[in-house]
Colleague: 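Following this message is one structure expressed as structure tokens.
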Amino acid sequence: MANAGPFHRNAWSLRMSSEGDGVWLYAIIAAESAGGVVDGLSGVAGEEIRLVAADGLAAVVGTVPLYEFGAEPLRRHLEDLDWLATKARAHDAVISAIARCGPVVPVTMATVYLDDKRVRTVLNTRHGEFLAALDRVTGRDELGVKAYADPSILASRDEPSPQKSGERRSGTAYLMKRKRELSSQEHAYRAAAAEAERLHAALMKHAVDGKRKPASDPSLSGRDNWTVLNGTYLVEKSGEDDFRKAVAALQETTAGIELEITGPWPPYSFAGDVMNA
Amino acid sequence: MTEVLPADNNRRIALVDLLDRVLGGGVVITGDITLSIADVDLVIVSLRTLISSVGSLLPDDDDDGGGYV
């Protein structure tokens with residue numbers, strides 16, 4: 001079990017922290033809604049999920065071995081995509097299971113404490129912020145909407161590209177072709193930006209809040225198309241159908257762009273706003 | 001984690017979307033041990049490297065105009 005001894009805030013204690021156990025933090029919930037929610041759940045180390053309660057709040061935690069989850073081992077493991085994927089899914093699975101039972105403030109992956117006492121201290125010192133965050137996400141879910149564009153369709157939408165079929169590969173012809181390509185690419189960029197703006201504005205009307213995240217690299221998304229919008233939205237659970245219908249309606253009226261919904265997610269992208277305010 | 005929960009059925013989670021949220025989202029609390037933003041960047045860099053190296057094993061696209069990255 002986690003050592004309940006005094007915490008030494010120095011580099012030496014952190015280096016020594018690859019021995020023994022740590023406390024992995026998954027989420028914060030209200031103590032009143034905590035009854036039974038962690039029963040049967042297991043976490044990133046296959047450990048039993050438990051609660052650390054203080055001040056009307058409960059931290060959802062698991063005891064993890066520091067030889068794997070200490071500072072240095074964590075840094076090493078980050079380079080291992082399989083490890084990262086497995087632990088990310090386990091972290092999310094716990095939070096998602098809790099979220100099905102009630103409001104939850106998800107905690108960023110890989111937040112580890114040296115003992116339960118430290119977790120209680122965090123619950124005490126940031127009590128007001130956690131309550132505000134819980135209040136903000138109560139009855140709401142996060143839905144992601146990505147818009148993928150086919151650049152050639154966007155580019156040619158109102159500027160048909162003057163392709164001459166029998167064009168020779170002379171230097172001049174090559175330069176002309178290249179110039180046209182650049183100009184049509186630029187045109188496509190502008191069209192994509194305008195579409196993203198329009199889609200985001202339309203979706204915001206059906207959401208409590210929303211934000212545009214940076215588009216993932218095409219090589220990461222595994223698609224050739226551009227991600228013109230990587231939006232994520234905080235939606236009332238009761239309004240989720242409406243939101244999905246709005247996405248479907250936008251899809252109908254948007255040529256050359258494919259919309260993809262992900263979620264419902266626990267409110268990963270919105271619970272932190274209150275904290276940083 | 002083998003248990004299939006109802007809400008997971010319609011939730012085919014792409015790794016990139018998942019990492020975007022569990023690493024890029026959630027409440028950031030200073031733990032005794034925490035990943036810094038710099039570490040997260042590191043993750044993305046190594047993901048990029050991995051996926052682009054897989055991509056290079058695939059046949060080249062013949063379209064010489066397709067320089068959109």
Side-chain angles (χ1 to χ4, degrees), chain A residues 7 14 17 22 25 28 42 66 69-71 74-75 78-79 81 84-85 88-93 96-97 100 105-114 118 122 126 130 133 142 144 151 177 181 185 213 216-222 224 226 230 232 262-265 268-269 271-272 275-276, chain B:
Chain A
F7 171 67
L14 282 181
S17 74
L25 189 51
I28 312 288
S42 57
L66 290 178
F69 298 93
L74 266 181
R75 230 168 287 281
L78 278 176
E79 299 294 340
L81 186 65
L84 184 66
R89 287 186 198 286
H91 185 75
D92 175 64
S96 294
R100 283 190 281 273
V105 172
V107 174
T108 301
M109 181 180 168
T111 303
V112 181
Y113 288 89
L114 296 180
R118 293 275 302 146
V122 171
R126 305 187 65 171
F130 288 134
E142 177 174 340
K177 179 173 182 286
E181 276 170 9
Q185 183 171 356
K213 297 155 82 85
S216 7
D217 189 288
S219 64
L220 270 179
S221 65
D224 292 333
W226 287 347
N230 183 13
T232 198
T262 62
W265 299 89
Y268 285 109
S269 307
M275 302 292 147
N276 303 322
Chain B
M1 292 303 113
T2 48
E3 180 186 9
V4 178
L5 296 154
D8 292 329
N9 292 335
N10 54 5
R11 223 178 106 180
R12 192 180 49 80
I13 302 173
L15 183 60
V16 63
D17 289 322
L18 179 68
L19 292 179
D20 205 12
R21 286 181 171 78
V22 299
L23 288 173
V27 175
V28 179
I29 309 170
T30 309
D32 295 334
I33 300 159
T34 324
L35 290 181
S36 70
I37 293 301
D39 292 325
V40 174
D41 289 343
L42 192 69
V43 172
I44 300 308
V45 168
S46 54
L47 273 175
R48 282 219 172 100
T49 312
L50 181 122
I51 293 172
S52 60
S53 66
V54 171
S56 68
L57 300 175
L58 300 171
D60 278 344
D61 190 346
D62 286 332
D63 177 14
D64 61 359
Y68 305 109
V69 175

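The figures that follow rest on heavy atoms only: side chains count, while hydrogens, waters and symmetry mates do not. Nothing here was measured: the structure is a model prediction, and the numbers come from that model. Residue numbers start from 1 in every chain, and the chains themselves are labelled A, B, ... in the order their sequence lines are given, proteins ahead of strands.
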Colleague: In chain order, what residues pass the ring pair (Phe, Tyr, Trp, His ring centres under 6.0 Å) check against A:Phe69, with sequence neighbours excluded?
Modeller: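 Expected list: A:Trp24, A:Trp83.
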Colleague: Would you say B:Asp20 and A:Thr232 make side-chain contact, with heavy atoms under 4.5 Å?
Modeller: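 Side-chain contact under 4.5 Å: no.
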Colleague: What part of A:Val122 gets within 4.5 angstrom of chain B, counting heavy atoms only: side chain, backbone, both, or neither?
Modeller: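 A:Val122 touches chain B through side-chain heavy atoms alone.
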Colleague: Which atoms form the tightest heavy-atom contact between A:Trp265 and B:Arg21, and what is the distance?
Modeller: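 Closest heavy-atom pair between A:Trp265 and B:Arg21: CD2-CD, 3.3 Å.
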Colleague: Could you state the interatomic distance from CG (A:Leu84) to CG (B:Leu19), rounded to the nearest 0.5 Å?
Modeller: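 Output value for this atom pair is 5.0 Å.
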Colleague: List for me each residue that meets side-chain contact (heavy atoms from CB on, under 4.5 Å) alongside A:Thr108, sequence neighbours excluded, and say none if there are none.
Modeller: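 So A:Thr108 forms a side-chain contact (heavy atoms from CB on, under 4.5 Å) with A:Thr111, B:Val28.
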